[in-house]
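Take a look at the structure set out below.
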Amino acid sequence: MTTMTETSARFREFKMPDVGEGLTEAEILKWFVQPGDTVTDGQVVCEVETAKAAVELPIPFDGVVHELRFPEGTTVDVGQVIIAIDVAPGSGDAPAPAAAPVQEPVEAPEAEAEPKGRTPVLVGYGVAESSTKRRPRKGAAAAPEAAAVAAAVQAELNGHGAPAPAPVAPALAGAAAAGGRPLAKPPVRKLAKDLGIDLATVVPTGKDGIITREDVHAAAAPAAPEAPAAVAAVASPVVPEAPAAAVPAAVSDSARETRIPVKGVRKAIAQAMVGSAFTAPHVTEFVTVDVTRTMKLVAELKEDKDMAGVRVNPLLIIAKALLVAIKRNPEVNAAWDEANQEIVQKHYVNLGIAAATPRGLIVPNIKDAHDKTLPQLAEALGELVATARDGKTSPAAMAGGTVTITNVGVFGVDTGTPILNPGESAILAVGAIKLQPWVHKGKVKPRQVTTLALSFDHRLVDGELGSKVLADVAAILEQPKRLITWA
């Protein structure tokens, strides 16, 4: 007993933290340490991706890495142990770490790691009382059924029309429910309740027998049309990390199509944009403006010693112009509170800048941008863009935005109809700046011209207010001296 206590005291476990605003899971992108490596308090040990951003996780104590619990590419629930550290190396023989090479897929810790009579369940449900009997390992119990399903799918795609074995779904559902309550996250349980689906009858396809939203939708849809899709998902989910042998050619022909799992930042973007598009009534207005004087100002600022060391570009002047327009029309800087049926007027501007990254479009924001001078705004813009491109934007940097700018002009696009970020009142799209024929002082001359588009929430911004904001931005870009006279 004493040995067990001393051995246990040697090791400290680091759990997946909630790295941003109530998120329930994160994917381990990369490990920076391996078993046997020495680590110190504050050292970054891994990089994880949440639904909002990629985040580096520092270890909070000193020691030697004893065990990595999950490989790269694994999605881990908040609260699960991801790494064990030997904080007293050399004090005695340590138990050998569990076989969990980061290159190979591994299972989450089994139930015997918990106190007797209690088994771990999903985040948000506490710990459920049950027997100490292990849940059947994923793949072991379902292997015969999965093989039969794969054969049936291949026969179907080859034109044989062989139906999937009828007992497969009940068998898998029974295996998932064998340990007690079917495993599903709170949103999935709500979805099942709304659709009138008994989770005990749903075929789980998620990791460790967890029921996913897709499983519930498959159970709610008519059996005949949905059977092939549901069967294919159970037989061989197509994920980038899967070995080639694990993906039958009949299910995914890599020469003809590629299936990419929707998760992390991309999944959050999709959910946010759908929610915004079908919640806030969007209105978009457009204006084409001569920005020749703005381009001359940009060229002059690049040579100004007071702007040395910061990046000066048209986006900087556009951002400052929008801030001045908001100051002149403060009612546009607001949010709609549906729960309380109130318009929330913001007396600060957290200016969002849409940034394209390898993980998708993210919108970090410059906090209190309205208080910044032009050099300070330039510096903040430069840091924001560089951090986003490196994939290091934190969830906090993307929270609390009030108004956003999206620069589609960098792709050579003239303009677009941007969708509002949830919780914001307006978003300004900036098109490509091109040399075009323009009537200037009564004559047609080549001028630098661009098109601006402002989308706004029509519940709290009417046409007059939206038009004033857009017109002010255009007027400043046409005559940049208004940055001084209107400020």
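- With values rounded to the nearest 0.5 angstrom, Gln80 atom CD is found 10.0 Å from Glu25 atom CD.
- Every pair passing salt bridge (Lys or Arg N to Asp or Glu O under 4.0 Å) that includes a residue from residues 333-352 is listed here, sequence neighbours excluded: Glu338-Arg459.
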Using residues 314-329 as the side-chain source, report each donor-acceptor pair under 3.5 Å to any protein atom, sequence neighbours left out, with the distance given to one decimal.
unit_1: Lys320; atom_1: NZ; unit_2: Lys372; atom_2: O; d: 3.0
unit_1: Arg328; atom_1: NE; unit_2: Asp472; atom_2: OD2; d: 3.0
unit_1: Asn329; atom_1: ND2; unit_2: Ala325; atom_2: O; d: 2.9
unit_1: Asn329; atom_1: ND2; unit_2: Asp472; atom_2: OD2; d: 3.0

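- Annotation for Asp462 and Phe456: closest pair O-CE1, 3.8 Å, computed over non-hydrogen atoms.
- In this structure Gln43 satisfies the side-chain hydrogen bond (donor to acceptor under 3.5 Å, both in side chains) test with no other residue, sequence neighbours excluded.
- Summarising the geometry, atom CE belonging to Met16 is positioned 9.0 Å from atom CG belonging to Asp77; distances are rounded to the nearest 0.5 Å.
- For residues 307-317, there are no salt bridge (Lys or Arg N to Asp or Glu O under 4.0 Å) pairs, not counting sequence neighbours.
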Expected list for residues 376-383: side-chain donor-acceptor pairs under 3.5 angstrom, two or more places apart:
unit_1: Gln376; atom_1: OE1; unit_2: Thr373; atom_2: N; d: 2.9
unit_1: Gln376; atom_1: OE1; unit_2: Thr373; atom_2: OG1; d: 3.4

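- In this structure Lys468 satisfies the salt bridge (Lys or Arg N to Asp or Glu O under 4.0 Å) test together with Glu464, sequence neighbours excluded.
- Among residues two or more places apart in sequence or in another chain, the side-chain contact (heavy atoms from CB on, under 4.5 Å) test is passed with Thr417 by Thr284, Phe286.
- For Val289, the side-chain contact (heavy atoms from CB on, under 4.5 Å) partners are Val291, Thr450, Leu452, Ala474, Glu478, not counting sequence neighbours.
- How far CG of Asp41 is from CG of Asp62: 5.5 Å, rounded to the nearest 0.5 Å.
- With sequence neighbours excluded, the residues that form a side-chain contact (heavy atoms from CB on, under 4.5 Å) with Lys296 are Thr292.
- Among residues two or more places apart in sequence or in another chain, the side-chain hydrogen bond (donor to acceptor under 3.5 Å, both in side chains) test is passed with Thr288 by Thr451.
- In terms of the side-chain contact (heavy atoms from CB on, under 4.5 Å) criterion, residue partners of Val439 (sequence neighbours excluded) are, by chain and number, Val444.
- Every pair passing side chain to side chain donor-acceptor pair (under 3.5 Å) that includes a residue from residues 403-416 is listed here, sequence neighbours excluded: Thr404-Asn421, Thr404-Glu424, Asp414-Lys434.
- Side-chain atoms of Asp215 come within 3.5 Å of backbone N or O of Thr205 as a donor-acceptor pair.
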